[in-house]
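This report concerns only the one structure given below.
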There are 2 protein chains.
Amino acid sequence: MTKDSPSARERIVAGAADMISRRGLNATSIRETAKHASAPLGSTYHYFPEGKQQLVTEAVRHTGEWTARSLRKELQAGPVAGLQAFLALWRKIVVDSDFRAGCPVLAVSIEEPAPGETSAVLTAAADVFATWEGLLADSLREHGAEPERAANLATLIVAAVEGTVAMCRAKRSAEPFDRTAEELRALILAAVGD
Amino acid sequence: MTKDSPSARERIVAGAADMISRRGLNATSIRETAKHASAPLGSTYHYFPEGKQQLVTEAVRHTGEWTARSLRKELQAGPVAGLQAFLALWRKIVVDSDFRAGCPVLAVSIEEPAPGETSAVLTAAADVFATWEGLLADSLREHGAEPERAANLATLIVAAVEGTVAMCRAKRSAEPFDRTAEELRALILAAVGD
DNA sequence: GGTAGACTATGACAATTGTTATAGAGCAGA
DNA sequence: TCTGCTCTATAACAATTGTCATAGTCTACC
């Protein structure tokens, strides 16, 4: 084993991220996340005393870090390779789940927070998006893209990938992935001066 | 008046679309849509005897047609103008709602349908996306874009806009809109041979 | 006036939700 | 063995959900 078997707490977080990516935030109940992780309901409130908000926030961050790790690694081979890997990662999640799973960060981004309250969940999602954009933008700049354009392109890439994931789920087809992949690839190649 | 005052049925559908765009599909209850439209709960099941699925499906189609109408009109001034209008339309919804509203079509696309069942809601969402893509692709082709590229670009645009809406909500900032707008504009200009 | 059909009002149903409380198990170290 | 701590088990709570049933009101047409 290269890794410890995950603790119950980690299983709950990862399971919650998966369930949110499939059913959305509000359709994901604490009872079911516990069952999904073979953990008792009581334990969930032991590990996450602030309740659902805390669990969901950690699930978002967990997905964000997991994806950022992959992105960081693949970007070492350049921005085009990084983009391809980023796309492939999400494509695999969508296709392997038979178009039932998507991105939990997107999922939590589209639910209104309670009035007045700037939900911690939404803040976590914004941080995740910013992290992904930062990684992409840095790589683009390192490979010759103009600084401001690099930021624009990074935002476009993240937005397009998130949107594509949702479109593929609705259409039950991976075709949108291939379309956006082609265009984004050409766009990056042109921006870094090939 | 240039228009009839909307019927109760229309008010319910439009209100449901708005609520879904804010809170997501599962957090939008039939009781609250009725209240929001000042219609009694009983009426909702009178107008939509198939229940929530029917109401939501109509809400998605309603948003799709409303947007397509605007898109069709603005595309008469060319694909760049159409893109700008498409972006401006969603930007206005997001900003005017203080980052609380988004796209209901996206919202319903990220909730898992019941096992085995290919939900009518998801099919409606896929149709809406396809319609928007078709309008954009046709316009691009008419203005000189290569046919296959036009389809790719149309998918990229819709995906990027949907993703950008979600990102703006998470960040509580309209900046992503401006970033993607700039890049998409340049991309289209290049594709139609300016 | 009267009758049919469209709409409303009201209440109930089983199920599920987030959360809290309380008591118990299991095991570490003194 | 006793103590303290982490974790589990179980039950309960008020609220909300989609849906259905039933009886009532209103309005248009004969």
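Every heavy atom of this structure was used, including side-chain atoms; hydrogens, water molecules and symmetry mates were not. Labels below follow one simple rule: chain letters A, B, ... track the order of the sequence lines, proteins then strands, and each chain is numbered from 1. All values reported here derive from a predicted model rather than from experimental measurement.
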Using atom names, set out every protein N or O paired with an N or O of nucleotides 26-28 of chain C below 3.5 Å, distance rounded to 0.1 Å.
none

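For the pair A:Leu71/A:Thr131, no side-chain contact is recorded, criterion being any heavy-atom separation below 4.5 Å from C-beta on. Residues A:Trp90 and A:Cys168 have side chains not in contact (no heavy-atom distance under 4.5 Å, counting atoms from C-beta outward).
Between A:Lys52 atom NZ and C:dT19 atom C1' the separation is 12 Å, expressed in whole Å. The interatomic distance linking A:Gln54 (CD) with C:dG18 (P) rounds to 15 Å, in whole Å.
For B:Ser29, a side-chain nitrogen or oxygen approaches OP1 or OP2 of D:dT17 to under 4.0 Å.
Using a 4.0 Å cut-off between a side-chain N of Lys or Arg and a carboxylate O of Asp or Glu, B:Glu183 and A:Arg149 qualify as a salt bridge. One finds no salt bridge joining B:Arg61 and B:Glu65 here, because no Lys/Arg side-chain nitrogen approaches an Asp/Glu carboxylate oxygen to under 4.0 Å.
Out of C:dT17, C:dC7, D:dT19, the shortest distance to the side chain of B:His46 is found at C:dC7. With distances taken from any side-chain atom of A:Ile30 to the nucleotides C:dT19, D:dC7, D:dT17, the minimum falls on C:dT19. Distance from the side chain of A:Arg31 is smallest to D:dA12 among D:dA12, D:dA9, D:dG18. Checking D:dG18, D:dC7, D:dA9 against the side-chain heavy atoms of A:Tyr47 singles out D:dC7 as nearest.
The neighbour count for B:Arg11 CZ, taken as heavy atoms of other residues, nucleotides or ligands under 6.0 Å away, is above 12. In B:Arg185, the CZ atom is not crowded: 12 or fewer heavy atoms of neighbouring residues, nucleotides or ligands sit closer than 6.0 Å.
Counting non-hydrogen atoms under 4.0 angstrom, A:Thr28 reaches the backbone sugars and phosphates but no base. Across all strands shown, A:Tyr45 has heavy atoms under 4.0 Å from base atoms, whether or not it also approaches the sugar-phosphate.
Annotation: of the two residues near DNA chain D, B:Gln53 and A:Leu41, the 5′-most nearest-nucleotide partner is A:Leu41.
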